[in-house]
Amino acid sequence: MSQADLVRHTGGCHCGRVRFEVGTAATTEILECDCSVCSRTGFLHIIVPREQFRLLAGEAELVTYTFNTGTAQHLFCRTCGIKSFYVPRSHPDGYSVNARCIDGGTAALPVRKIDGKNWESTFRG
């Protein structure tokens with residue numbers, strides 16, 4: 001899919017210091033993960049390759065949290081604490097954007113529940 005075919009969405013954290021733009025296919029699916037971090041924070045995933053994501057503002061406002069293997073880079077706004085996006089362990093060459101942090105006006109996208117507790121079998125088949 002070319003960059004011209006992507007639907008552009010903007011979004012950010014609660015206080016507005018962190019802003020991003022993401023390009024998705026018109027039929028992009030949102031994933032609801034049941035792992036400990038996602039279920040506790042209510043994160044709804046839109047997973048995209050790195051080239052479909054652009055940080056518009058707030059790089060200096062981001063703080064990183066890692067655990068377990070340290071592969072996932074959980075990025076939080078240092079002011080409001082919101083995780084608008086992060087680098088997931090399942091897709092370390094891309095980003096997972098929190099659909100709840102997309103600005104209003106975005107068309108509704110379907111949500112699919114996934115087994116994040118066992119992500120290896122979910123994403124690697």
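Hydrogens, waters and symmetry mates play no part in the numbers below; they use all other heavy atoms, side chains included. Residues: numbered from 1 along the sequence shown.
Applying the side-chain contact (heavy atoms from CB on, under 4.5 Å) criterion to Thr66, with sequence neighbours excluded, gives Thr64, Gln73. Residues that satisfy the side-chain hydrogen bond (donor to acceptor under 3.5 Å, both in side chains) test with Thr41, not counting sequence neighbours, are absent from this structure.
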Val48 vs Thr28, side-chain contact (heavy atoms from CB on, under 4.5 Å): CA-CA, chis, key distance, verdict = CA-CA 10 Å; Val48 298; Thr28 295; 6.0 Å; no

message = Pair Leu31, Glu29 - check side-chain contact (heavy atoms from CB on, under 4.5 Å), show working.
response = CA-CA 6 Å; Leu31 304 175; Glu29 181 175 67; 3.8 Å; yes

ask   = Please walk me through it: do Leu55 and Phe85 pass side-chain contact (heavy atoms from CB on, under 4.5 Å)?
value = CA-CA 10 Å; Leu55 183 61; Phe85 60 90; 3.8 Å; yes

request  = Quick one: do Phe53 and Val97 satisfy side-chain contact (heavy atoms from CB on, under 4.5 Å)? Show the steps, please.
outcome  = CA-CA 9 Å; Phe53 178 87; Val97 172; 3.9 Å; yes

ask   = side chain to side chain donor-acceptor pair (under 3.5 Å) between Asp34 and Ser39: does it pass, once the steps are laid out?
value = CA-CA 5 Å; Asp34 66 356; Ser39 61; over 6 Å; no

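Contact detail for Gly11 and Asp103: the closest heavy-atom pair is CA-OD1, 3.5 Å. In this structure, His91 and Ile47 approach most closely via the heavy-atom pair CG-CG2, 3.5 Å. When all heavy atoms are compared, the tightest approach of Ala72 to Tyr86 is CB-CE1, 4.3 Å. Contact detail for Cys101 and Ile82: the closest heavy-atom pair is SG-CG2, 3.7 Å. Here the closest non-hydrogen pair linking Pro92 and Thr71 is CB-CG2, 4.2 Å. The minimum heavy-atom distance linking Arg19 with Gly12 is given by the pair NH1-N, 3.4 Å.
With values rounded to the nearest 0.5 angstrom, Arg17 atom CZ is found 4.0 Å from Thr79 atom OG1. Between atom CD of residue Glu21 and atom NE2 of residue His9 there is a gap of 10.0 Å, rounded to the nearest 0.5 Å. Residue His74 holds its NE2 atom at 9.0 Å from CZ of Phe43, rounded to the nearest 0.5 Å. Atom SG in Cys13 sits 8.0 Å away from atom CD in Glu61 (nearest 0.5 Å). Remark: Ile102 CD1 to Ile30 CD1 distance equals 8.0 Å, nearest 0.5 Å. Rounded to the nearest 0.5 angstrom, Glu51 CD and Leu6 CG are separated by 9.5 Å.
Other members of the hydrophobic cluster containing Val63, listed by chain and number, are Val37, Tyr65, Phe67, Phe76; membership follows side-chain contacts under 4.5 Å among ILVMFWY residues, whether direct or relayed.
Side-chain contact check for His45 versus Pro88: every heavy-atom pair is 4.5 Å or farther apart. With a 4.5 Å cut-off on side-chain heavy atoms, Tyr95 and Arg50 count as touching.
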